[in-house]
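Report on the following structure.
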Amino acid sequence: MIIRIISYILAITLLIIMSVVVLVNVKIHYRPQVIVQGSDTVQFELLQELRGLKKALNENADLEMQGVYPEGYVFLNAIYALAWSNFIDHDEHQRYFEEGHSEIHKAWSKIDSETGKSSFTESLSLRYGSYYTGWSTFVLGSKLRLEPTGIRNEIEVRQFIQRCEGIASAIQVNTYPESYEGAGWPADVMLCVAALSIHDQIFEPRFSDIINDWLKSIQQGLDSRGMVPHAVLPEDRKGSSSARGSSMALMLIFLREIDKEFAFKQFDLFKANFVDRKFGLTGIREYPKGVSGRGDIDSGPVFLGFGGAATIVGMYTLSIYGELEPSLTVRNAVEVMAMPTQLDDRKHYFFGMVPIADAFIAWSHSGMKRKDVNLRFVAFHVLSLLFFVFLSACFWLVIQKISLKGRNALI
């Protein structure tokens, strides 16, 4: 009797797995929903993602994330603000400018608050460290860049200029000013320097020579593969951790703002070392090809070598460097694996349990080029078919065993 119950459970499990295989092979051809308003096409699902985050933040998701990640409060608000910045920047008729601008302002106000600063050390060479300075200044610069001159807040303008001056002074003394005492991450400083680039776009250019000197300095401290390292020893600029997929994917987005030529050289190395395919799907490795490692707070989960954060941010990175088809392939794989749910005007991933993941996915979607192509997942479908046939054979054997036991019981 017990064996028969186990056989039924196994049969049901096999049916569920077979159903999932079919569903995944259908959903892998996902295309985001768009709506046409006048002569403009609006990324409707991205708007749903942003409004899902808006509701989560109104319910203090940023405070909850601070309990999970050391910089969760600032990180969630910063990524949310940048996602809205990209969205309304692409909104040709500015239908969503008022809503987006309001949300960016709220996020910036939280980042600039005492709560936002409370996790960081004020006495570092860059006040509150390069992580806080980088994200906060880049968000403020992005906000000012979107705003017509007449609506810019003069206090915010002065604040932005002062922070840029502080960044410029710090990177002339130390290539990678500390994020925390005794610890430095190039990705944080990359945001700082990208903020200087924004300054020179919207105000009188002042920092080009300092930026060029900084670029020369970082090129003297590349890792053994020729890439910007993941972590450094701030006092001597030497990498304490070689390049990793999560930080490279992120840095390349901001490096493109700073110097396109150097950025494309770094991207070529990134593509060669971190962009990989398995089972017919494209993803971004956390560690270079041939190197294995575990996930951590920076990478998120690492599965089959693919990094969670690297892959999510990587679809944005691939897109802006002209790799349209791989970026869409990654997007669709994320759409399948991240378990999206849609309710009314909101969309969440992972059932809304991880708002920081929602924010990164929305930000990546917001930065991707608005173009879709017909994707073909031939290898993935073939492998799925073979797996489905194997599961079907196992299911048939279980059913036969159940039937045989049933006949024997009758005899």
Open item on the list: Going by salt bridge (Lys or Arg N to Asp or Glu O under 4.0 Å), name the residues that satisfy it together with D296, two or more places apart in sequence or in a different chain.
Closed with: R244

Open item on the list: Working note: E147 + H101, criterion side-chain hydrogen bond (donor to acceptor under 3.5 Å, both in side chains); need CA distance, chi angles, decisive distance, verdict.
Closed with: CA-CA 8 Å; E147 294 171 343; H101 184 258; 2.6 Å; yes

TODO: Taking the side chain as every heavy atom from C-beta outward, state whether S247 and D298 have any atom pair closer than 4.5 Å.
DONE: no

Task: Non-hydrogen atoms of N77 and K110 that approach each other most closely - done: OD1-CD, 3.4 Å

Task: Under 3.5 Å: donor-acceptor pair, side chain of E45, backbone of Q33 - done: yes

Open item on the list: With heavy-atom distances below 4.5 Å as the criterion, would you say the side chains of H199 and E204 are in contact?
Closed with: no

Open item on the list: With side-chain contact (heavy atoms from CB on, under 4.5 Å) as the criterion, how do R370 and Q43 come out once you've worked through the C-alpha distance, each side chain's angles and the decisive distance to 0.1 Å?
Closed with: CA-CA 9 Å; R370 289 189 174 189; Q43 293 174 288; 3.2 Å; yes

Open item on the list: Is a donor from one side chain sitting under 3.5 angstrom from an acceptor on the other, for R31 and N374?
Closed with: yes

Open item on the list: More than 12 heavy atoms of other residues, nucleotides or ligands under 6.0 Å from CZ of R376: yes or no?
Closed with: no

Open item on the list: Do the side chains of E165 and R206 get close enough for a salt bridge, i.e. N-O under 4.0 angstrom?
Closed with: yes

- [ ] Just grab all the ring-ring contact (aromatic ring centres under 6.0 Å, His included) pairs involving residues 333-362, residues at least two apart or on different chains.
- [x] F75-F360

Open item on the list: For S246, is there any backbone N or O sitting under 3.5 Å from a side-chain donor or acceptor partner on E286?
Closed with: yes

Open item on the list: I want to check something: taking the side chain as every heavy atom from C-beta on, are K143 and E156 in contact at a cut-off of under 4.5 Å?
Closed with: yes

- [ ] Show your reasoning for whether side-chain hydrogen bond (donor to acceptor under 3.5 Å, both in side chains) applies to Q159 and D112.
- [x] CA-CA 11 Å; Q159 191 174 10; D112 193 44; 3.0 Å; yes

Open item on the list: As an exercise, state the distance from CG of L82 to OH of Y80, rounded to the nearest 0.5 Å.
Closed with: 12.0 Å

Task: Smallest separation among heavy atoms of P229 and D223, with atom names - done: CD-N, 4.5 Å

TODO: Identify whether NZ of Lys or CZ of Arg in K278 sits under 6.0 Å from the centre of the six-membered ring of F306 and within 45° of that ring's axis.
DONE: yes

Task: All pairs passing salt bridge (charged side-chain N to carboxylate O under 4.0 Å, His left out) where residues 182-200 contributes a residue, at least two apart - done: none

Task: Distance, nearest 0.5 Å, that separates CG of L196 from CG of L191 - done: 11.0 Å

Open item on the list: Is the shortest side-chain heavy-atom distance between M190 and E257 below 4.5 Å?
Closed with: no

Open item on the list: Determine whether a donor-acceptor pair (N or O, by modelled atom type, separation under 3.5 Å) exists between the side chain of W214 and the backbone of I171.
Closed with: no

Task: Side-chain ion pair, R127 and E178, N-O less than 4.0 Å - done: no

Open item on the list: Here's one to test your reading of the geometry: is the NZ or CZ of R331 within 45 degrees of the ring axis of Y30 and under 6.0 Å from its centre?
Closed with: no

TODO: Give a yes or no on this: more than 12 heavy atoms of other residues, nucleotides or ligands lie within 6.0 Å of atom CZ of F264.
DONE: yes

TODO: Measure across S384 and V21 and return the closest heavy-atom pair with its distance rounded to 0.1 Å.
DONE: O-CG1, 4.0 Å

Open item on the list: Within a 6.0 Å radius of atom NZ on K369, are there more than 12 heavy atoms belonging to other residues, nucleotides or ligands?
Closed with: yes

Open item on the list: Under 4.0 Å between a side-chain nitrogen and a carboxylate oxygen: does that hold for K271 and E323?
Closed with: yes

TODO: Please check if the side chain of S327 supplies one atom and the backbone of L318 the other of a donor-acceptor pair under 3.5 Å.
DONE: no

Open item on the list: A side-chain contact here means heavy atoms from C-beta on lying under 4.5 Å apart; do T282 and D276 qualify?
Closed with: no

Task: Distance (rounded to the nearest 0.5 Å) between L46 CG and S364 OG - done: 10.5 Å

Task: Option passing side-chain contact (heavy atoms from CB on, under 4.5 Å) with T311 (candidates V334, V275, V302) - done: V334

Open item on the list: Side chains of P355 and E64, heavy atoms from C-beta outward: is any pair under 4.5 Å?
Closed with: no

Open item on the list: Taking atom NZ as the centre, does K289 end up with more than 12 heavy-atom neighbours from other residues, nucleotides or ligands that are less than 6.0 angstrom away?
Closed with: yes

Task: Pairing residues for K265 by the salt bridge (Lys or Arg N to Asp or Glu O under 4.0 Å) criterion, not counting sequence neighbours - done: E261

TODO: Would you please say whether a donor-acceptor pair under 3.5 Å links the side chains of R225 and S242?
DONE: no

- [ ] Could you tell me whether the side chain of T121 and the main chain of L124 form a donor-acceptor pair under 3.5 Å?
- [x] no

Task: Between CD1 on residue I104 and CH2 on residue W84, distance to nearest 0.5 Å - done: 8.0 Å

Task: ring-ring contact (aromatic ring centres under 6.0 Å, His included) partners of residues 6-29, not counting sequence neighbours, each pair once - done: H29-F377, H29-H381

Open item on the list: Could you walk me through whether S119 and Q66 satisfy the side-chain hydrogen bond (donor to acceptor under 3.5 Å, both in side chains) test, starting with their C-alpha distance in whole Å, then the side-chain angles of each, then the deciding distance to 0.1 Å, before giving a yes or no?
Closed with: CA-CA 9 Å; S119 298; Q66 184 60 38; 3.1 Å; yes

Task: Between CD on residue E103 and OG on residue S85, distance to nearest 0.5 Å - done: 11.5 Å

TODO: Tell me whether the centres of the aromatic rings in Y132 and F120 are closer together than 6.0 Å.
DONE: yes

Open item on the list: If I compare all heavy atoms of K27 with all of P340, which pair ends up nearest, and what's the gap?
Closed with: NZ-CG, 3.8 Å

Task: Test of ring centre spacing under 6.0 Å for F87 and Y96 - done: yes

Open item on the list: Show, in sequence, the C-alpha distance, side-chain angles and deciding distance for S130 and S179, and conclude whether the side-chain hydrogen bond (donor to acceptor under 3.5 Å, both in side chains) test is met.
Closed with: CA-CA 5 Å; S130 59; S179 297; 2.9 Å; yes

- [ ] For the residue pair F267 and Y321, categorise the inter-ring angle as parallel (less than 30°), tilted (30 to 60°) or perpendicular (more than 60°).
- [x] parallel

Task: Any side-chain heavy-atom pair of I253 and I320 under 4.5 Å - done: yes

TODO: Answer yes or no: is there an ion pair linking R346 with E49, defined by an N-O contact shorter than 4.0 Å?
DONE: no

- [ ] Begin with the C-alpha distance, continue with both residues' side-chain angles, and end with the deciding distance and a verdict on side-chain contact (heavy atoms from CB on, under 4.5 Å) for Y128 and V74.
- [x] CA-CA 12 Å; Y128 299 110; V74 169; over 6 Å; no

Open item on the list: Is it the case that atom CD1 in I151 sees more than 12 heavy atoms from other parts of the structure closer than 6.0 Å?
Closed with: yes

TODO: Evaluate the side-chain proximity of S392 to M18: yes if any heavy-atom separation is below 4.5 Å, no if none is.
DONE: yes

- [ ] Kindly give the heavy-atom pair with the smallest separation between A243 and F274, and that separation in Å.
- [x] O-CZ, 3.4 Å

Task: Partner residues of Y316 under the ring pair (Phe, Tyr, Trp, His ring centres under 6.0 Å) criterion, sequence neighbours left out - done: W363

Task: Minimum-distance pair of heavy atoms, taken over all atoms of R285 and N273 - done: CD-O, 4.1 Å

Task: Q266 side, atom CD; L255 side, atom CG - distance, nearest 0.5 Å - done: 6.5 Å

